[in-house]
Amino acid sequence: MSYNPNEIEAKWQKKWEDEKAFEPDDALSRKKKYILSMFPFPSGRLHMGHVRNYAIGDAFARYYRKQDFNVLHPIGWDAFGMPAENAAIKHGRHPKEWTYSNIDYMRKELNTLGLSFSKTREFATCDPLYTKWEQEFIIKMFEEGLLYRESTTVNWCEACHTVLANEQVEEGCCWRCDNEVELKEMPGYYLDIIKYADDLLGDLKQLEGKWPNQVLTMQSNWIGKSQGLEFNFELSEESKAKLGGNFEKYTVFTTRPDTIYGVTYSALAAEHPITKYLLDNDLVDADVAEKIVTISNMTEIERAKEGKEGYDLGLTVIHPLTREEIPVWTANFVLASYGGGAVMAVPAHDERDFEFATKYGLPIKRVIAGGDDLPYTAEGALENSELFTGMLNKEAQKEIIAMFEAKALGKGTTNYKLRNWGISRQRYWGAPIPFVHCDSCGLVAEKVENLPIALPDDVEITGEGNPLENHPTWKNCTCPKCGKDATRETDTLDTFVQSSWYQFRYATNPNKWNTTGIDKDDANYWLGVDQYIGGIEHAILHLLYARFFTKVLRDLGYHDIDEPFENLLTQGMVLMDGAKMSKSKGNTVDPDALVEKYGADTARLFTLFAAPPAKELEWNDSAVEGAFRFIKKLYDRNTKVIGKTLPTIDQSSLSKESKLARVKVYEALQKSTDVYEKTFAFNTLIAACMEALNALDKQDDGEVWTEGMYIMLNLLEPIIPHVTTELSEMLFERENLKAKLELKEEVFVQDSINYMVMIGGKKRAEVEVSPSASQEEILASAKEAGAKWLEGMIIVKEIVVPNKLVNLAVKPH
RNA sequence: GCGGAUGUGGUGAAAUUGGUAUACACGCCAGACUUAGGAUCUGGUGCUUUACGGCGUGGAGGUUCGAGUCCUCUCAUCCGCACCA
């Protein structure tokens, strides 16, 4: 019978389902592995990236199950989000209906791939039962002061009609629709992730060697911790008067306190309160005022493109040490969102300050020795710095901070680039933020017993405005505190909130899902995720938020886990003709069609064989054929097997070819542990199995074939589960899949050993010697074989590398 | 600019502690079988040279008996951040 993937795969998928083969053991007593591939957004259809992601995860899950671990390998749906609303606008389908029908379709697609997911722990993040617990967390965070509402300048995407978090802005554009992001002042809810900045940064250490370096540095840069000095510039008396006595001073932050004596001006952001006051009270010339307003309407990107731009504000401040009067400017390169929106400027030792000072003719004062040209930003000794003159600048940084602290002029402090996480979205298809606005009580959290605050189904989605805002009744409610009429918050939560805690929801036993969000014992047993697999595009967004949520939920008492994902594997993209597969480019491969034509095993084998998982995978139709050929060949060789158990083989009776075949089989076995547990180079394990099969094909010993198939089917089961299980049932009653396989050293013992003979560092000959040969004997035969190249030479050094080579270093006579 | 990675045949890629570079697969070439083949099987396939040999892991040096692997410098490509004071 020839290989028929569709029949075999349907058979085993049904059988696995009937056997409930992939449910974790609820006893929580055995050693465990939690294997998680990032859950999909239910867009409607699987793409090849999904296939790769889940093929990798499934290989881990199946491998560890075989090693007798209690394995949790769940799947669910990241189900809230914009595309559901877009579908509603475009095709008139309700987001809920669109989402759940997509889930049903994609679940079927996943089933045809034979993935070993737990079926009992599946959920969609739009299920009200999921929303319920998420809203509870949000309320707890509010009570703990980790969540607050504030009106500030936010990133606004007009196309998506919503606010975006800083992490969701890519080069000034929306991460989802690529529309240019605008700035807008509006109220929103924020999570105080900065409070956890140090924790998030410090714990990256724990992940070294377990997460890709690239991701660790990206997170570390994103958090952007810098230490320095914070101090106040006091306004001159004249300036105070000009500002109507409303301002005495303002705060600046510097990482270079050693250059403090080189300050020749100070600069404020266009949005700084003092700048604003000047504008509001017509204290600057009308044309200048207009230009400052123009700057504040520009995004940071636009300002950067514009070049340095600024205006003298006609104010002065007093240098805290020298008491000199220093001019105050406004400058477009000073960011309102960082370090208080004001800087001290040291043009001699800072490139930006230098550029600005040069453009506007501001004074430049050198205070660090070194280099010929200004600005000089490297290390050196201080000059023109009163009693610090002569001190090395590293040392001076500490000393100057100490002096500021001693004189109560300022203090050493830490700043982060990380901004607090804005979590409100002005959209319908998300988890409602469970708060109520009451005229007498202000902002009030909903009572926990009223959760979930579910979305109303009867909405009209037009793309204009927030459907919750426009719903006639939904937002009317009573205040949980005073009972008076109140209105519900109509913003919904960023979808990244859902994906920040789903790893804990899977871990919670489903029979507790009604009564608790996260079960502590379950979470402590299953977490951290032993192997997390997903795309590098989540390096900051999801992976940072999930780490943050883990720490917050830990501190709220839900579990005792510090880091959610112990080991992270970032898979490469699937490419076609060097470009990312995408519908708009028309270079996609449809997984359904692939499975239909070749079967799931071929699809899985190809994706794991064509490249190591972290690398990009270039699609290649004929290589898919190659993967199919291998499986077919493996299947056809079932006729070679002569016994139902692992045979005991008398090595000495075998031919050279049979011995070699055994070596290849056991080399593959040896490789498998390394691949599944350390290197993840599935491509090399598959190659080793191909070599083994090729070697088996060159001999005809039935027992060697039996042993070879017994072992190889076991090794390949995590990768191509259907065909291997089918063959295993046919040949070994599935016993070999459960068997603990052990290496047999005698297989590797060779009758003779080939030594490569190198003379003068070049490969010259090869000799075959007995394994028991002494070093002298080996050298003697090497010299004999290489006699031709030794003529007229003196051997200066003889090196014998056991089982490998002889190297004779020579020089002319 | 800062940070991270990657450079090996025609292509995807292999190569424990430094120890026969190019395993495995695709492609290509030749042959067999076949009415036919985009099926299957067998053999070949780094470059160069008539040959002996020489040269080959982005480039240049270095360490070593021996370097894809270690060190120094350099070039190229990709990714991330990007006026963070």
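We use all heavy atoms of the structure for the numbers below, so side chains are in, but hydrogens, waters and symmetry mates are not. A, B, ... follow the sequence lines: proteins, then strands. Residue 1 opens every chain.
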So what does Ala610(A) touch, heavy atoms closer than 4.0 Å: a base, only the sugar-phosphate, or nothing?
-> sugar-phosphate
Which whole-number value in Å describes the distance from Tyr416(A) OH to rA85(B) P?
-> 13 Å
Checking all strands, does Trp789(A) fall into the base, sugar-phosphate, or nothing category for heavy-atom contacts under 4.0 angstrom?
-> sugar-phosphate
State, with a plain yes or no, whether a side-chain heavy atom of Leu315(A) is found less than 4.5 Å away from one of Ile274(A).
-> yes
The side chain of Asn620(A) lies closest to which of these nucleotides: rC26(B), rG12(B), rC84(B)?
-> rC26(B)
Under 4.0 angstrom between Ser337(A) side-chain N/O and rC84(B) OP1 or OP2 = no
When we call it a touch if two heavy atoms are under 4.0 Å apart, what does Arg629(A) touch: a base, just sugar-phosphate, or nothing?
-> sugar-phosphate
Pick base, sugar-phosphate or nothing for Lys615(A), based on heavy-atom distances below 4.0 Å to the nucleic acid.
-> sugar-phosphate
Checking all strands, does Val334(A) fall into the base, sugar-phosphate, or nothing category for heavy-atom contacts under 4.0 angstrom?
-> base
Verify the contact: side-chain N or O of Lys417(A) to OP1 or OP2 of rC84(B), cut-off strictly under 4.0 Å; return yes or no.
-> no
Hey, does the side chain of Arg352(A) come within less than 4.0 Å of rC84(B)'s phosphate (OP1/OP2), counting only N and O?
-> yes
Pair of N/O donor and acceptor under 3.5 Å linking rC65(B) base with Asn807(A) side chain | yes
Does Glu618(A) or Gly341(A) map to a spot on RNA chain B nearer the 5' end, using the closest nucleotide for each?
-> Glu618(A)
Does some side-chain heavy atom of Tyr311(A) sit less than 4.5 Å from a side-chain heavy atom of Ile295(A)?
-> yes
Has Asn415(A) got a side-chain N or O lying under 4.0 Å from the OP1 or OP2 atom of rA85(B)?
-> no
Check whether any side-chain nitrogen or oxygen of Asn694(A) sits under 4.0 Å from OP1 or OP2 of rA25(B), and answer yes or no.
-> yes
For Arg764(A) and rG53(B), is the shortest distance between a side-chain N/O and OP1 or OP2 below 4.0 Å?
-> no
Base, sugar-phosphate, or nothing: which does Asn213(A) touch, judged by heavy atoms less than 4.0 Å apart?
-> sugar-phosphate
Of the nucleotides rA23(B), rC84(B), rG4(B), which has the atom closest to the Ala687(A) side chain?
-> rA23(B)
Would you sort out whether Phe682(A) and Phe609(A) count as a ring pair (Phe, Tyr, Trp, His ring centres under 6.0 Å), showing the intermediate values?
-> CA-CA 6 Å; Phe682(A) 301 108; Phe609(A) 179 59; over 10 Å; no
Among rC24(B), rG80(B), rC65(B), which is the nearest nucleotide to the side chain of Ile540(A)?
-> rG80(B)
Rounded to whole Å, CD of Glu798(A) lies from P of rU64(B) at a distance of 20 Å
Could you state the CG-C1' distance from Asp353(A) to rA85(B), rounded to the nearest angstrom?
-> 7 Å
note: Glu616(A), atom CD; rG7(B), atom P; distance rounded to Å ~ 13 Å
Looking at every strand, decide which applies to Gly224(A) at a 4.0 Å heavy-atom threshold: base, sugar-phosphate, or nothing.
-> nothing
Determine the contact category for Pro612(A): base if any of its heavy atoms lies under 4.0 Å from a base atom, sugar-phosphate if only primed atoms, P, OP1 or OP2 are that close, otherwise nothing.
-> sugar-phosphate
Of the nucleotides rA23(B), rG66(B), rC65(B), which has the atom closest to the Glu691(A) side chain?
-> rA23(B)
Asn683(A) side chain N/O closer than 4.0 Å to the phosphate oxygens (OP1, OP2) of rA14(B)?
-> yes
Test log, rule ring pair (Phe, Tyr, Trp, His ring centres under 6.0 Å), inputs Tyr250(A) and His272(A) = CA-CA 10 Å; Tyr250(A) 60 86; His272(A) 194 277; 5.6 Å; yes
Nearest of rC83(B), rG3(B), rC26(B) to any side-chain atom of Glu300(A)?
-> rC83(B)
Base, sugar-phosphate, or nothing for Glu170(A), non-hydrogen atoms under 4.0 angstrom?
-> nothing
Leu805(A) side chain: which of rC83(B), rA85(B), rG19(B) is closest?
-> rG19(B)
Send over the distance from Met690(A) CE to rA23(B) C1', rounded to a whole Å.
-> 12 Å
Identify which nucleotide among rA85(B), rA82(B), rU20(B) has an atom closest to any side-chain atom of Val343(A), counting heavy atoms from C-beta outward.
-> rA85(B)
So how far is it from Met344(A) CE to Thr259(A) OG1, rounded to the nearest 0.5 Å?
-> 3.5 Å
Ignoring the backbone of Thr217(A), work out which of rA14(B), rG4(B), rU40(B) is nearest its side chain.
-> rG4(B)
For the side chain of Thr254(A), starting at C-beta, report the closest nucleotide among rA82(B), rU20(B), rA85(B).
-> rA85(B)
Against the side chain of Ser226(A), the closest entry in rC26(B), rC24(B), rC84(B) is rC84(B)
Does Lys664(A) pair with Glu691(A) as a salt bridge, N-O distance under 4.0 Å?
-> yes
Give a yes/no on whether any side-chain N or O of Tyr338(A) is located under 4.0 angstrom from OP1 or OP2 of rA85(B).
-> yes
In rG9(B), glycosidic geometry as syn within 90° of 0 or anti otherwise | syn
Rounded to the nearest Å, what distance is computed from the CD atom of residue Gln214(A) to the C1' atom of nucleotide rC2(B)?
-> 15 Å
Hey, are Glu309(A) and Arg352(A) close enough for a salt bridge, meaning a charged N less than 4.0 Å from a carboxylate O?
-> no
Rounded off to whole Å, could you give me the CD1-to-P distance for the Ile536(A) and rA5(B) pair?
-> 11 Å
Quick one: Phe628(A) CZ to rA25(B) P, roughly how many Å, whole number?
-> 17 Å
Option from His349(A), Lys398(A), Gln397(A) for which side chain to side chain contact (heavy atoms under 4.5 Å, CB included) with Asp258(A) holds | Gln397(A)
